[in-house]
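Shown next, in structure tokens, is the structure this report addresses.
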Amino acid sequence: MTLARGGAAGAGWGGGTGCVDCGIVGGRGATEIGGVSGNSRFATLISLMLSSQTKDEVTDAAVAKLCTAVGGSLSVDAVIAADEATISEAISKVGFWRRKTQYIKQAAQQLRDNFESDVPKTVDELCSLPGVEPKMAFLALQVAWKLNLGIGVDVHVHRITNRLGWHRRPTKNPEETRLNLQSWLPKELHGEINHMLVGFGQTVCFPVGPKCDSCTLSSARLCPSAQAKKSTKHGSQDSVSTNSPAESESGPKIEIEVDNA
């Protein structure tokens with residue numbers, strides 16, 4: 001099985017973080033460290049906070065609109081200076097936008113008070129910010145600071161890796177999934193897996209009614225959970241497993257590599 005940046009199993013993806021470039025890097029007041037500005041790191045964090053329960057394209061649009069609404073530079077000071085109504089209107093298309101408006105304002109204030117207006121460099125410090133979960137913290141560190149401290153596991157990664165049989169025993173929650181994946185997945189792929197599987201989960205491998213008939217993993221018999229449609233006597237269609245119990249129990253035998261093409 002090849003995991004490609006262009007999409008897993010034929011699915012496109014928006015990057016998983018919802019990050020967009022709205023002229024943030026190099027903006028006034030940005031602190032440059034390792035070629036990445038403090039404003040850009042802050043924009044990455046905001047993107048992740050908005051991405052929860054929201055599709056990538058909606059997150060992208062919201063970040064761009066928020067950037068414009070606060071003056072063209074998405075910085076800690078700009079968010080603090082903006083009133084909640086301005087932020088709410090800009091992000092009103094994302095899930096739980098009212099709650100996220102409060103989280104964004106509170107996080108910006110804490111970053112200025114406690115972290116010199118920059119994104120912290122540890123998971124614990126990031127998770128001390130309102131609205132920041134461990135998944136977001138790991139991804140923020142990977143994107144903002146190029147630190148690979150763990151895999152960002154959300155509901156898509158949790159669901160799909162279990163469907164693919166990547167765990168010897170099914171995992172019960174995202175944290176268990178993260179620890180198991182980190183025990184065997186090559187570290188150089190830790191930063192790739194979330195991006196790929198999130199897009200796959202949003203476009204093909206849905207929680208209910210996955211598009212197994214258009215999934216290359218299904219046609220290649222690499223997914224023990226793949227479902228095929230069969231016609232009934234009344235002309236309706238039911239989903240049936242395409243793999244035998246023996247295959248499902250042992251899981252697919254796969255090699256993972258990143259195709260940059």
[X] to [Y] - nearest heavy-atom pair and separation:
X      : Y      : result
Gly131 : Met49  : O-CG, 4.3 Å
Lys100 : Ser52  : NZ-O, 2.5 Å
Pro170 : Asn162 : CA-OD1, 3.2 Å
Phe42  : Ala108 : CZ-CB, 4.2 Å
Pro224 : Gly165 : CG-N, 4.2 Å
Val63  : Ser47  : CG2-OG, 3.5 Å

With the side chain counted from C-beta on, respond yes when [X] and [Y] share a heavy-atom pair under 4.5 Å apart, and no when they do not.
X      : Y      : value
Asp83  : Thr86  : yes
Ser51  : Met136 : no
Leu129 : Phe115 : yes
Glu176 : His158 : no
Val157 : Pro174 : no
Leu141 : Val123 : yes
Leu126 : Val119 : yes
Ile104 : Ile91  : yes

Handout entry: Verdict with supporting geometry, Thr54 and Thr59, side chain to side chain donor-acceptor pair (under 3.5 Å)
Key = CA-CA 6 Å; Thr54 306; Thr59 302; 4.8 Å; no

Practice task
Evaluate the side chain to side chain donor-acceptor pair (under 3.5 Å) criterion for residues Arg98 and Gln102: first the C-alpha distance (whole Å), next the side-chain angles of each, then the deciding distance (0.1 Å), finally the verdict.
Solution key: CA-CA 7 Å; Arg98 290 185 180 87; Gln102 296 177 349; over 6 Å; no

Do [X] and [Y] land in one hydrophobic cluster if side-chain heavy atoms of ILVMFWY residues count as linked below 4.5 Å?
X      : Y      : answer
Val132 : Ile80  : yes
Val155 : Met196 : no
Trp97  : Leu74  : yes

What is the distance from atom [atom1] of [X] to atom [atom2] of [Y], rounded to the nearest 0.5 Å?
X      : Y      : atom1 : atom2 : value
Ile193 : Arg178 : CD1   : CZ    : 14.5 Å
Cys205 : Arg163 : SG    : CZ    : 4.0 Å
Lys135 : His156 : NZ    : NE2   : 8.0 Å
Gln202 : Asp56  : CD    : CG    : 4.5 Å
Cys215 : Phe200 : SG    : CZ    : 3.5 Å
Asn180 : Trp166 : CG    : CH2   : 11.5 Å

Is there a donor in the side chain of [X] and an acceptor in the side chain of [Y], or the other way round, less than 3.5 Å apart?
X      : Y      : answer
Thr122 : Glu125 : yes
Asn39  : Ser73  : yes
Gln109 : Asp113 : yes

Exercise for the section: Begin with the C-alpha distance, continue with both residues' side-chain angles, and end with the deciding distance and a verdict on side chain to side chain donor-acceptor pair (under 3.5 Å) for Ser218 and Asp213. Expected result: CA-CA 7 Å; Ser218 175; Asp213 55 342; over 6 Å; no

Problem - Given Leu139, Leu111, Val76, the one that forms side-chain contact (heavy atoms from CB on, under 4.5 Å) with Leu45 - result: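 When side-chain contact (heavy atoms from CB on, under 4.5 Å) is applied between Leu45 and each of Leu139, Leu111, Val76, only Leu111 qualifies.
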
Output yes when a side-chain donor or acceptor of [X] lies under 3.5 Å from a complementary backbone atom of [Y], and no otherwise.
X      : Y      : answer
Gln182 : Ile151 : yes
Thr171 : His167 : no
Gln142 : Gly150 : yes

Exercise for the section: Could you tell me whether Lys105 atom NZ has more than 12 heavy atoms of other residues or ligands within 6.0 Å of it? Expected result: yes

Practice task
For Phe206, look at atom CZ and say whether over 12 heavy atoms of other residues, nucleotides or ligands are found less than 6.0 Å away.
Solution key: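 Yes, the 6.0 Å shell around CZ holds more than 12 heavy atoms from other groups.
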
Practice task
Any chance you could lay out the side-chain contact (heavy atoms from CB on, under 4.5 Å) test for Leu50 and Tyr103, step after step, and finish with the verdict?
Solution key: CA-CA 10 Å; Leu50 294 178; Tyr103 288 159; over 6 Å; no

Exercise for the section: Please step through side-chain contact (heavy atoms from CB on, under 4.5 Å) for the pair Leu197 and Thr161, ending with a clear verdict. Expected result: CA-CA 9 Å; Leu197 294 187; Thr161 57; 3.7 Å; yes

